[in-house]
Asker: 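Please find one structure pasted underneath; my questions will follow.
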Amino acid sequence: MPETPEATTILLGGDVPGHEVPVVSFRQILVWPLSVDRRGAAKSAPDGIGPRVRPELVERAFVDTVTALLAAQTTADQAGARAGWRLIEDPLDDGRLDGLDDAALYGEFVYFHEFAQEILFGKVDRSALAAGRMDGTALVRFRNSDVVAVEVEWDRVLDWSESPPRRLAHHRLRLSVERCDLLLLREGLAFLVLEVARPEGGEDEMTVADVQDLVDRFRRAFPPYFETKAGDVYDRIPGDRAPLPAGRAARVPSGVRWITRNGAACDTHVPTGLAHDIEALIRTRNPVVAPHWVDLVPLPLTGQKAGASVPSPLNADDRPRWKAFSDERMPTMVSVQLPETWRKAATSGDELWTPRAMMRALERGDFIRLCFCDDRGSGLPYDPIFLANFEQDHCYRRFESRGTLFMATEYSFVHVLCSDFTDSLIHMRTMYCDMFLLAHIELVIHLSLSNRISVAIGRRDLRQMEASCGGSADAERQFQDEIIKIERSFLDAEQRYRFTGVTNQLQGGELFGMLRRKMRLDDLYGEMREELSTATSFILSANADRQADSAGRLNVFAVLGLVLGLAFSFLGMNAVMSDHFWNNITLAKSNQTTQLF
């Protein structure tokens with residue numbers, strides 16, 4: 001239903017800055033897409049253009065990864081240790097999350113249409129997967145229950161009145177790890193789903209500004225850039241003074257430590273300096289994935305070695321390697337629960353805030369920072385003209401008056417709650433997380449198929465160049481085969497992962513539609529169909545040209561055959577068999593040879 005005129009005209013926010021607003025509970029769900037590195041470990045092409053693409057890696061990666069993880073699970077079971085990454089055979093049984101009862105699981109299951117249920121809750125047969133029988137299996141889930149907590153450290157600004165800010169505070173926060181899943185798709189794609197939370201009544205106090213800092217930094221898989229100049233001496237709590245060196249990683253946590261079930265912890269700080277050869281990284285196009293993510297993911301990443309805290313059963317030289325699919329910012333879901341009522345200290349006395357007033361109290365700029373996953377700041381983070389339609393474009397306000405607000409971008413889905421309707425927090429962990437995951441699977445598959453078309457065209461050009469140097473001359477045929485494979489993958493993905501609607505529930509349908517619009521899924525789908533249509537038209541045109549050329553050659557032979565046939569029919573076969581005929585042919589050849597010399 002369309003929003004009311006009032007909802008579209010009233011702006012969010014009030015005059016209370018985020019660093020003054022406490023947080024009751026906080027939850028962040030990261031969805032990190034990975035893809036098989038199609039370059040693999042192939043040797044460079046003879047012309048020096050670059051490594052040949054190895055398409056067989058995509059077919060190998062899914063089977064090899066599943067069987068290797070299952071083999072590691074079997075070894076752990078035989079040793080009597082239920083540790084490491086374990087297969088989820090039934091998402092509604094051994095895949096249930098802590099804190100969710102049967103009623104929540106039932107509500108999650110019946111929320112979706114049947115075709116969506118098959119992807120989200122489909123069972124798998126462990127014995128069949130271990131034997132390498134993957135027919136009909138499109139998605140396999142593994143879960144790591146060993147990691148139970150994480151400690152994140154970062155520096156935060158104390159005084160924004162200085163320009164640039166010079167006083168920083170070192171902040172450390174311990175979060176519980178509620179979910180650590182790995183989803184593997186046949187299309188050579190994987191998704192790490194990590195859920196961390198600071199539950200209600202947690203030891204570490206948080207404000208909205210702390211949430212903004214944490215969300216912005218923790219979601220980054222690798223540094224977006226490195227500082228090129230040394231910073232001034234900063235004051236850090238508790239009073240130590242240290243210069244910030246040049247070459248430090250920017251906009252990432254200063255330290256991350258995973259804590260396992262047995263209480264063991266491993267310090268895996270992100271790089272703070274240019275310990276890596278940046279020139280080599282530029283040459284190989286491999287970003288410096290933060291060590292804590294390398295340790296957590298059981299897949300061998302391109303250019304990285306598995307860490308010691310969570311050993312990888314796949315870290316072998318002959319295994320297909322994986323890489324981050326997009327930039328460093330992982331798609332993120334955030335739930336922030338604010339107090340139902342809150343007394344704010346003021347010079348004139350204490351003021352009592354009701355749920356609706358609380359939603360109005362927080363500054364508009366803080367809502368915008370939460371929506372776009374930006375770190376703390378003062379005022380608006382962007383130009384007012386750019387933010388003129390923020391409420392209409394990014395906010396779902398159906399129950400705002402009851403203290404519930406949803407916000408979305410193409411990479412984030414944020415829930416702000418300041419009422420006792422805690423069921424929406426459960427919905428964020430279950431149904432809305434499922435919808436967010438489905439939308440990003442569709443997005444990544446579209447982008448992956450588009451990339452495969454570009455790679456196929458590049459390989460065709462390379463083959464043509466090799467053919468001109470004496471190599472194989474069948475470039476067009478191989479290109480046609482690759483495009484046919486991509487079309488087949490596109491049709492499979494269209495039927496399996498493309499969902500324009502997943503539920504009949506009104507709010508769920510509206511939120512899913514909002515996500516799809518922000519992510520431009522329909523536009524990407526149309527562009528993908530257009531790319532395939534263009535490639536197919538090119539192939540048909542090339543085939544028509546080759547057929548026309550072949551037909552022309554056949555016509556030449558047909559005309560020659562017709563002339564000879566008419567001549568022989570007129571003269572008879574005796575003309576061919578006579579000595580006079582062959583003597584004339586021999587004499588003609590002799591005259592041609594004499595003319596040449």
Side-chain angles (χ1 to χ4, degrees), residues 3 7 10-14 16-30 97 99-100 104 107-108 111 173 175-176 178-179 195-202 204-212 214-215 332-344 352-373 390-391 394-409 412-436 505-508 510-512 514-515:
E3 295 179 314
I10 297 178
L11 300 182
L12 286 172
V16 182
H19 66 269
E20 295 184 11
V21 179
V23 170
V24 176
S25 68
F26 160 77
R27 189 175 302 273
Q28 182 177 11
I29 302 176
L30 299 171
L97 298 173
L100 298 182
E108 179 183 7
Y111 195 83
L173 185 67
L175 303 169
S176 62
E178 307 286 334
R179 166 173 32 186
E195 179 180 349
V196 297
R198 185 264 188 193
E200 185 174 356
D204 297 326
E205 295 184 357
M206 294 186 71
T207 65
V208 171
D210 294 331
V211 169
Q212 295 164 347
L214 176 64
V215 169
T332 302
M333 295 182 67
V334 177
S335 290
V336 181
Q337 184 180 6
L338 305 179
E340 292 184 53
T341 57
W342 172 53
R343 291 187 179 275
K344 173 181 176 294
L352 182 65
W353 301 87
T354 64
R356 180 176 175 84
M358 186 67 205
M359 189 70 75
R360 292 278 183 259
L362 186 64
E363 285 186 353
R364 183 170 181 250
D366 287 306
F367 281 107
I368 295 171
R369 288 184 177 86
L370 287 172
C371 178
F372 290 103
C373 299
F390 170 77
E391 284 76 9
H394 297 279
C395 298
Y396 183 81
R397 311 176 72 171
R398 176 180 287 273
F399 296 110
E400 181 189 343
S401 60
R402 303 180 190 178
T404 299
L405 175 69
F406 295 94
M407 299 179 288
T409 68
S412 65
F413 185 58
V414 181
H415 171 223
V416 179
L417 174 69
C418 55
S419 70
D420 58 355
F421 187 66
T422 55
D423 285 352
S424 61
L425 298 177
I426 298 177
H427 296 166
M428 284 291 288
R429 299 188 66 192
T430 54
M431 290 85 83
Y432 299 160
C433 181
D434 293 334
M435 294 192 301
F436 191 74
Q505 297 293 325
L506 184 59
Q507 177 167 307
E510 291 174 344
L511 288 174
F512 189 64
M514 182 179 182
L515 280 173

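One-based numbering along the sequence shown. Just the heavy atoms: all of them, side chains too, but no hydrogens, waters or symmetry mates, feed the values below.
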Asker: Is there a side-chain contact between E391 and R364 in this structure, where contact means two heavy atoms from C-beta onward sitting under 4.5 Å apart?
Answerer: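 A side-chain contact exists here, since the closest heavy-atom pair is under 4.5 Å.
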
Asker: Mind listing the closest non-hydrogen atom pair of E178 and A197 along with its distance?
Answerer: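 Heavy-atom minimum between the residues: CG-CB, 3.9 Å.
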
Asker: Do Q505 and Y111 pair up side chain to side chain, a donor and an acceptor below 3.5 Å, judged on atom types alone?
Answerer: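 Note: Q505 and Y111 side chains miss the donor-acceptor criterion.
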
Asker: Evaluate side-chain contact (heavy atoms from CB on, under 4.5 Å) for S25 paired with L425, printing each intermediate quantity in order.
Answerer: CA-CA 10 Å; S25 68; L425 298 177; 4.3 Å; yes

Asker: Can you label the angle between the Y432 ring and the H427 ring as parallel, tilted or perpendicular, going by 30° and 60°?
Answerer: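 Because their plane-to-plane angle is over 60°, the rings of Y432 and H427 count as perpendicular.
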
Asker: Evaluate salt bridge (Lys or Arg N to Asp or Glu O under 4.0 Å) for E363 paired with R369, printing each intermediate quantity in order.
Answerer: CA-CA 10 Å; E363 285 186 353; R369 288 184 177 86; 5.6 Å; no

Asker: What is the minimum heavy-atom distance between C371 and H394, and which atoms define it?
Answerer: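 That would be SG-CB, 4.0 Å.
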
Asker: If you measure from NE2 on H19 to CG on D210, what distance do you get to the nearest 0.5 Å?
Answerer: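 Answer rounded to 0.5 Å: 10.5 Å.
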
Asker: When you look at V416 and M407, which way does the side-chain contact (heavy atoms from CB on, under 4.5 Å) test go after all the steps?
Answerer: CA-CA 8 Å; V416 179; M407 299 179 288; 4.0 Å; yes

Asker: Within the structure provided, determine whether F372 and F390 are in side-chain contact (heavy-atom separation under 4.5 Å).
Answerer: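 When only atoms from C-beta onward are counted, F390 and F372 do touch, with a gap below 4.5 Å.
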
Asker: When rounded to the nearest 0.5 angstrom, what is the spacing between CG in L100 and CZ in R429?
Answerer: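 If we round to the nearest 0.5 Å, L100:CG and R429:CZ are 5.0 Å apart.
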
Asker: Test T332 against I29 for side-chain contact (heavy atoms from CB on, under 4.5 Å), laying out the working first.
Answerer: CA-CA 6 Å; T332 302; I29 302 176; over 6 Å; no

Asker: For the CG atom of L12 and the CG atom of L362, what is their distance to the nearest 0.5 Å?
Answerer: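 The CG atom of L12 sits 9.0 Å away from the CG atom of L362.
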
Asker: Measuring from F413:CZ to C373:SG, what's the distance to the nearest 0.5 Å?
Answerer: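 Output value for this atom pair is 12.5 Å.
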
Asker: For T207 versus G18, what's the shortest heavy-atom pair and its separation?
Answerer: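 Result for this residue pair: CB-O, 3.7 Å.
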
Asker: May I ask you to check whether H415 and S424 show a side-chain donor-acceptor distance below 3.5 Å?
Answerer: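 Per modelled atom types, H415 and S424 side chains form a pair under 3.5 Å.
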
Asker: Working to the nearest 0.5 angstrom, can you tell me the gap between L97 CG and C433 SG?
Answerer: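 Reported value, rounded in 0.5 Å steps: 8.0 Å.
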
Asker: Which heavy atom of L405 sits nearest to which heavy atom of C395, and what is that distance?
Answerer: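 Where L405 meets C395 most closely, the heavy atoms are CD1-CB, 4.3 Å.
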
Asker: Between F406 and F399, does a ring-ring contact (aromatic ring centres under 6.0 Å, His included) hold up when you go through it step by step?
Answerer: CA-CA 9 Å; F406 295 94; F399 296 110; 8.7 Å; no

Asker: Under a 4.5 Å cut-off applied to non-hydrogen side-chain atoms, are V334 and F26 in contact?
Answerer: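 With C-beta onward as the side chain, the pair touches.
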
Asker: Is a donor on one side and an acceptor on the other found under 3.5 Å between the side chain of T430 and the backbone of I426?
Answerer: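 Judged by distance alone, yes, a pair lies under 3.5 Å.
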
Asker: Evaluate the side-chain proximity of V336 to L417: yes if any heavy-atom separation is below 4.5 Å, no if none is.
Answerer: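 No. Closest side-chain heavy atoms not under 4.5 Å.
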
Asker: Within the structure provided, determine whether Q507 and R398 are in side-chain contact (heavy-atom separation under 4.5 Å).
Answerer: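 A side-chain contact under 4.5 Å exists here.
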
Asker: With rounding to the nearest 0.5 Å, note down the distance linking CD in Q28 to CD in E195.
Answerer: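 The distance works out to 10.5 Å.
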
Asker: For a 4.5 angstrom cut-off between non-hydrogen side-chain atoms, does D434 reach E108?
Answerer: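 SC-SC contact between D434 and E108 confirmed.
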
Asker: Thinking salt bridges, do E205 and R198 make one under a 4.0 Å N-O criterion?
Answerer: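 No.
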
Asker: Within a strict 4.5 Å, meaning less than it, do heavy atoms of the Y396 and E510 side chains meet?
Answerer: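 Heavy-atom side-chain distance check passes, below 4.5 Å.
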
Asker: Would you kindly say whether S335 and Q337 are connected by a side-chain donor-acceptor distance under 3.5 Å?
Answerer: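 Not at all, the side chains of S335 and Q337 share no donor-acceptor pair under 3.5 Å.
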
Asker: For the residue pair L175 and L214, what are the closest heavy atoms and their distance?
Answerer: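 Closest approach of L175 to L214: CD1-CD2, 3.7 Å.
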
Asker: Got D366 and Q212 here, is their nearest side-chain heavy-atom distance under 4.5 Å?
Answerer: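 Yes. Closest side-chain heavy atoms under 4.5 Å.
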
Asker: Grab the two heavy atoms, one from V23 and one from V208, that are nearest each other, plus how far apart they are.
Answerer: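 It is CG2-N, 3.6 Å.
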
